[in-house]
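Written below as structure tokens is the structure these notes are about.
These numbers were taken from a predicted model, which means no experiment stands behind them. Letters go in sequence order (proteins before strands), and every chain restarts at 1.
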Amino acid sequence: MNKKEVIKKLQKRVTPIGNGTAIDHIQPGLGLRIVEILGLDPKHAAAIALNTESRKMKRKDLILMENRFLNEDELNKIKLLAKNATVNTIKNYKVVKKETLGLPEKAEGILKCINPICITNHEEIKTKFSIKKNPLKAKCFYCETTMSENEIKRYIKK
Amino acid sequence: MKAKESLKKTDFSLTDVISIYDFSKADILSVLKRAKEIEAMTEEKKSKLLEGKTVASMFFEPSTRTRLSFETAIQNLGGKVIGFSDARVTSAKKGESFSDTIKVMSNYADILVMRHPLSGTARLAAEVSSKPVLNGGDGPNQHPTQTLLDLYTIQKFVGKLENLKIGFVGDLKYGRTVHSLAAALTHFNACQHYISPPSLKMPKHIKEEVEEKCKIKETEELEKFIPEVDVLYMTRIQKERFPDELEYNKVKDAYVLTKAMLKNAKKEMKVMHPLPRVNEIATDVDETEHAIYFQQTASGIPVREALLDILSRVKK
Ligand SMILES: [Zn+2]
């Protein structure tokens, strides 16, 4: 079954998405964390498929959200969490935009610093981190603490 | 002519002194060069460098040693000092945000010298201040003037910075002084020996960074490396760093330097220590030609003078 068929099948099974966002190819286990970060809109439907079969990656998580479109901060958060995910923007039952994520160049205002005595945890200021790839690391612009991939994943702001 | 000289451009590329990681080799060398020039000046000439300038000395946590060193430097250069030595008596405790305090102070002063218990405050201050900021320590993060005075001391008393062999001894895990100096020395192709108990080893991320440019060796034995090095940089091993007293007692005496241990050292080898020391350098080392830790502390004055002088000419 290819991706479109999976989406179609899920849409049929749960709810058809005419307008909204489908986040696909999420590494299994991260789907719920993404939903937690994005938050659910009580007025609209969402479908979450966990550990579903995938041709490309054997298993994956998948999120469909009706009438929900992601802003840049939200996209960057997902990039930090699941860089291999694909974000499809659906309008009138058509995928109008498909974006394969990759890592962001920097992270501003989307990550909390792990250092309890960092000024960003004591005063209302936008956090800033530079991002290093392979392995993923984030360095706080203010206190210079470097966070590992696992730490980054735990400290993404909701 | 004096005015002309003081307006002359330097190779210094920064607008604030926040972190040693911001410094290029040229930045470091220009500070050291200026410190040397200032140290050679007459009192009178020196006292013109900050004439008519006001420097805010903002100590959000008390640190008498650092504050006196900065304030002496400001006064030597003829500058006026305003500020506070303890945040408890300032608006910071009345709920004014740190950013606001900095913005207000940057209206009164030409340079802001600051120390704060929280990390990242100096970087934030540099962002919100319209005047140059000089970091005198932001929590356990950075204390760039210590690193620069260490480099100045090495250059002055060892005679070189390039291709140095340096041994760092003691608590290499928590000591920001050694982390910063180790990083700064990567500009100068230093060969670095890390001598510490297993539980206080140099952190991996520092080693990785240094290893990209310099050779490093690690050991637990102090005496073995003494004949090899040009500089032995001693640090204090703090009892609080150990889970139990037994563990502490096992290692504390292994990293105490005595005069007898220096018999095979190179004649021109120098022993440094950021002070205060407890017992890690026996007092009989003081009388040897190797000891330069008191001169090292004294280097804080010309180095801070150089930074203040350079920052007084910076356009932000
Ligand atoms: Zn931080």
Next item on the list: Look at atom NZ of A:Lys94 and say whether more than 12 heavy atoms of other residues, nucleotides or ligands are closer to it than 6.0 Å.
Entry: no
Check: CD of B:Glu208: more than 12 outside heavy atoms within 6.0 angstrom?
Finding: yes
Notebook entry, point to check: Does atom NZ of A:Lys157 have more than 12 heavy-atom neighbours from other groups under 6.0 Å away?
Noted result: yes
Checklist line | B:Glu127 and A:Lys128 ion-paired at < 4.0 Å | finding: yes
Checklist line | Spatial distance of atom SG (A:Cys143) from atom CD (B:Gln142) [nearest 0.5 Å] | finding: 11.0 Å
Note to self: Around atom OH of B:Tyr108, are there more than 12 heavy atoms from other residues, nucleotides or ligands closer than 6.0 Å?
What the structure shows: no
Note to self: Taking B:Ser99's backbone N and O only, do any of them form a donor-acceptor pair with A:Glu123's side chain (distance below 3.5 Å, no angle check)?
What the structure shows: yes
Check: Can you check whether A:Ile117 reaches B:Pro117 side chain to side chain, under 4.5 Å on heavy atoms?
Finding: no
Check: Would you say B:Lys25 has more than 12 foreign heavy atoms packed within less than 6.0 Å of its NZ?
Finding: yes
Next item on the list: Calculate, to the nearest 0.5 Å, the distance between atoms OG1 and NE2 belonging to A:Thr145 and B:His205 respectively.
Entry: 8.5 Å
Check: Looking only at heavy atoms, which two atoms of A:Tyr142 and B:Asp138 are closest? And how far apart?
Finding: O-OD2, 4.5 Å
Note to self: Looking only at side-chain N and O atoms, does B:Ser19 offer a donor or acceptor that is under 3.5 Å from a partner on A:Glu144?
What the structure shows: yes
Next item on the list: Run the numbers on A:Cys118 and B:Leu118 for side chain to side chain contact (heavy atoms under 4.5 Å, CB included), then give the verdict.
Entry: CA-CA 6 Å; A:Cys118 175; B:Leu118 295 177; over 6 Å; no
Check: So which of B:Ser97, B:Ser119, B:Ala126 has the largest heavy-atom pair count under 4.5 angstrom toward chain A?
Finding: B:Ser119
Next item on the list: Would you indicate whether B:Lys173, at its atom NZ, is surrounded by more than 12 heavy atoms from other residues, nucleotides or ligands within a distance under 6.0 Å?
Entry: no
Notebook entry, point to check: Just wondering, are more than 12 heavy atoms of other shown residues or ligands nearer than 6.0 Å to NZ in B:Lys316?
Noted result: yes
Item checked: Inter-residue atom distance A:Ile119.CD1 - B:His116.NE2, 0.5 Å rounding -> 5.5 Å
